[in-house]
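In what follows, a structure is listed as structure tokens, so that the remarks can point back to it.
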Amino acid sequence: MGRRFFQRYTPEVARGLLGVKLVRVLGKARLSGIIVETEAYRGWRDPASHAYRGITERSRVMFGRPGHAYVYFIYGFHNCLNLTTEPEGVPGAVLIRALEPSEGVETMMKNRKAIATADISSGPGKLTQALSIDRALNGEDVVTSERLFLERGRKVERAGVSSRVGVKRGKRFKWRFFDAESSHVSMEMRQRLQNP
DNA sequence: GCAAAGATCGGCT
DNA sequence: GCCGATCTTTGCA
């Protein structure tokens with residue numbers, strides 16, 4: 001995926017990432033999964049976004065060039081992976097919320113101590129654990145990186161849209177996108193199917 | 001300095 | 001459905 005893909009209106013990128021394969025290379029091992037759920041965080045008017053109050057040490061990456069990883073640590077336990085969007089200077093990022101595992105499933109299971117494959121990466125904190133993604137990858141350029149990047153995946157026929165989950169403010173933005181035909185999304189919110 | 005909240009998960013009731 | 005774990009970031013004194 002080129003830089004231009006990310007340099008657009010964030011909800012558009014979030015929708016466009018559905019069906020794309022996220023690849024993590026660890027030594028000679030390849031771990032990957034198809035993105036089936038995303039959320040957009042954008043601009044200065046979105047109260048749920050880390051960029052809401054302007055540039056801080058943490059949110060700096062969101063204001064930088066598009067196509068970079070923004071990884072933050074939350075609740076004392078979990079890392080969350082985002083990909084930055086919009087032209088430089090405009091804050092935006094897409095939170096990757098769920099993957100459908102494809103390569104390296106055994107390793108991901110081990111990383112997760114999971115017994116069911118549906119449980120490997122069906123949540124933002126789960127997938128970073130499965131793919132060994134932490135803040136060491138914050139700021140990684142996924143357009144040129146060889147340890148974290150995107151590849152062509154499959155076409156998503158039916159995309160669902162809803163409010164974002166887990167946020168208190170900014171509910172009015174319908175910026176959560178998911179593959180309505182996937183059984184690997186983070187929650188069973190497969191009602192309210194629409195076309196974005 | 002310090003206190004409080006947080007883009008979560010898993011276990012228990 | 002509710003609760004606890006655990007620690008970073010941020011806002012305010």
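Chain A is the first sequence line, chain B the second, and so forth, proteins listed ahead of strands; every chain is numbered from 1.
Note: CD (A/Q129) to C1' (B/dT8) measures 11 Å, nearest angstrom. In this entry the distance linking CG of A/L81 with P of B/dT8 reads 14 Å, nearest Å. Here B/dA7 presents its P atom at 16 Å from CD of A/E37, a figure rounded to the nearest Å. In this structure, A/L127 places its CG atom 8 Å from P of B/dC9, rounding to the nearest Å. A/E39 has its CD atom 12 Å from the C1' atom of B/dT8, to the nearest Å.
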Protein proximity profile, nucleotides 5-13 of chain C - base contact B, sugar-phosphate-only contact S, no contact -, cut-off 4.0 Å on heavy atoms: BBBSSSS--

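Within the 4.0 angstrom heavy-atom criterion, only backbone atoms of the sugar-phosphate kind lie near A/R112; the bases stay farther away.
Using P as the reference atom, C/dT6 and B/dC2 are 22 Å apart when rounded to the nearest Å.
Each of A/R158, A/R154, A/H184 was evaluated against A/D179; a single residue qualifies, A/R154, per the side chain to side chain donor-acceptor pair (under 3.5 Å) test.
Cation-pi check for A/R4 over A/F6 is not met; the charged atom does not lie both under 6.0 angstrom from the ring centroid and within 45 degrees of its normal. Cation-pi geometry between A/R164 and A/F173 is not satisfied (NZ or CZ under 6.0 Å from the ring centre, within 45° of the ring normal).
Residue A/K168 places no side-chain N or O under 4.0 Å from the OP1 or OP2 atom of B/dA7.
Shown here, B/dA7 forms no base pair; nothing in the strands shown gives a Watson-Crick or G-U wobble contact with both key distances under 3.5 Å.
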